[in-house]
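Step one of this worksheet: look at the structure below.
So that the names make sense, note that chain A is the first sequence line, chain B the second, and so on, each numbered from 1. For the numbers below, each heavy atom of this structure counts, side chains included, while hydrogens, waters and symmetry mates do not.
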There are 4 protein chains.
Amino acid sequence: MSDAAMKQCIDTCQECHRTCLEHFTNVCLEKGGEHVEKEHVKLMLDCIQICATCADFMIRGSDLHNFVCRACSEVCQRCADSCEKVGMSDCAAQCRKCAESCGAMAA
Amino acid sequence: MSDAAMKQCIDTCQECHRTCLEHFTNVCLEKGGEHVEKEHVKLMLDCIQICATCADFMIRGSDLHNFVCRACSEVCQRCADSCEKVGMSDCAAQCRKCAESCGAMAA
Amino acid sequence: MSDAAMKQCIDTCQECHRTCLEHFTNVCLEKGGEHVEKEHVKLMLDCIQICATCADFMIRGSDLHNFVCRACSEVCQRCADSCEKVGMSDCAAQCRKCAESCGAMAA
Amino acid sequence: MSDAAMKQCIDTCQECHRTCLEHFTNVCLEKGGEHVEKEHVKLMLDCIQICATCADFMIRGSDLHNFVCRACSEVCQRCADSCEKVGMSDCAAQCRKCAESCGAMAA
């Protein structure tokens, strides 16, 4: 992977972390109902945490970032599906973008 | 504080987190010597961690963000001084900017 | 502070982090209602995050741990009150214990 | 996996996080030399961070913990090797224990 591709992936992970944490607070906790259903909330928290960890591994230039990118890609994909289902399409789009970017870094 | 001021402070904390982690890896661990002296490294790690935590408190719109901003401001100030001493002036500038921004949010 | 007191405070922060995260998942997200009310959830997440950060500052022997212990003490106190109100008395007790321990370390 | 096995793995990850952060501060930063060599320090920081993230995924009962456990197992294995090489045998033993435990959870 080029340095530019990794820099782009770091940006994407940081944006996904922030977007998910903002949406969790301002959408999920405001709307309630299916937005605070257990599996959706767990996926949001999983996504928020693994995106931050994944970004740090890449910022640090870790030789093992691919393993964390693999995990991050899977989590973001599942979180995107869950966001889609409850109508959080902006958040879903960010998660899907991050899933793709991390998937490419993990390959 | 206005929403714009808080958004700016979140950006600054996230930039400071990333700048410090990049400099720690690419400058401190490359140059060695005083750059890996115990007190300097501890301050760098303190700064990297509290900036991420502080950003998250503000993204979450926590009512208690001021206490974390207070801690973040102190840590960034001390980290700036330590960066200055070892000649990492870019990193010092980012830390000082974050110290000021968080100090204002904590007031 | 003695090393033994700090070691005890690290243990308490780590236990509080884990207790709050377990209760958030297994009680709040199971029961719903007031357990997923915005202010309560934000306090739970604040508490989960600052306890982990505070433990790390002390494990690292940071000279600036007192600032983070001060923030942690405030957050744990407020989280304890919120847990009490929704009937999570075990979690409230752990938060109160952590608030006291961190308060002593910050003094 | 049984609940008891997962609880044991959470304990192991939290102990590995703490052991590595303590050794990084009290051994690596005290001794210097090969102990602060870039690749070793990066592995220590990778291990400290992924162990905390992995523990949280399991505490939260995440359906996706296996992906993070896989990453954690790989990082801990490599960190163990690096600790062994610089004579940090206690830390290496803890990392190896965590690599095995997370490897079993990921299977």
Side-chain angles (χ1 to χ4, degrees), chain A residues 6 9-10 13-14 16-17 20-21 24 28 36-83 85 95-96 98-100 102-103 105-107, chain D residues 6 9-10 13-14 16-17 20-21 24 28 36-83 85 95-96 98-100 102-103 105-107:
Chain A
M6 192 175 281
C9 193
I10 295 168
C13 283
Q14 290 192 325
C16 192
H17 168 83
C20 284
L21 188 48
F24 177 67
C28 297
V36 291
E37 183 264 335
K38 191 175 185 178
E39 291 314 311
H40 180 60
V41 172
K42 281 167 59 180
L43 281 169
M44 292 293 284
L45 297 187
D46 285 353
C47 191
I48 289 162
Q49 188 169 28
I50 199 71
C51 283
T53 297
C54 190
D56 282 1
F57 266 71
M58 289 186 286
I59 296 170
R60 199 157 49 228
S62 168
D63 293 335
L64 304 170
H65 73 270
N66 58 312
F67 293 104
V68 183
C69 287
R70 166 65 52 219
C72 194
S73 180
E74 296 284 346
V75 170
C76 287
Q77 189 60 48
R78 292 275 210 100
C79 190
D81 294 344
S82 188
C83 287
K85 240 192 304 188
C95 291
R96 236 178 274 289
C98 197
E100 280 165 33
C102 286
M105 291 306 292
Chain D
M6 191 175 282
C9 192
I10 295 167
C13 283
Q14 290 192 325
C16 193
H17 169 81
C20 285
L21 187 48
F24 177 66
C28 298
V36 291
E37 183 265 335
K38 190 176 186 178
E39 292 313 312
H40 180 60
V41 172
K42 281 167 60 180
L43 281 169
M44 292 293 284
L45 296 187
D46 285 354
C47 191
I48 289 163
Q49 188 170 28
I50 198 70
C51 282
T53 297
C54 191
D56 280 2
F57 266 70
M58 289 186 285
I59 295 170
R60 200 157 47 228
S62 166
D63 293 335
L64 304 170
H65 73 270
N66 58 311
F67 293 105
V68 183
C69 286
R70 166 64 55 220
C72 194
S73 180
E74 295 285 345
V75 170
C76 286
Q77 189 60 48
R78 292 275 209 100
C79 189
D81 293 345
S82 189
C83 286
K85 240 194 300 189
C95 292
R96 234 176 276 290
C98 197
E100 281 165 32
C102 287
M105 292 305 293

Might you work through the side chain to side chain contact (heavy atoms under 4.5 Å, CB included) test for D63(A) and E39(D), ending with a clear yes or no? CA-CA 9 Å; D63(A) 293 335; E39(D) 292 313 312; 3.1 Å; yes

Can you give the donor-acceptor pairs under 3.5 Å from side chains of residues 68-83 of chain D to other protein atoms, not counting sequence neighbours?
from   : atom 1 : to     : atom 2 : distance (Å)
S73(D) : OG     : A99(D) : O      : 2.8
D81(D) : OD1    : R96(D) : NH1    : 3.2
S82(D) : OG     : H40(D) : ND1    : 2.7

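Using a 4.5 Å heavy-atom threshold, the side chains of I50(D) and F67(A) count as separate. No side-chain heavy atom of D46(A) sits under 4.5 Å from any side-chain heavy atom of H65(D).
Residues Q49(A) and R60(D) come closest through the heavy atom pair OE1-NH2, 3.0 Å.
Both the backbone and the side chain of L45(A) come within less than 4.5 Å of a heavy atom of chain D.
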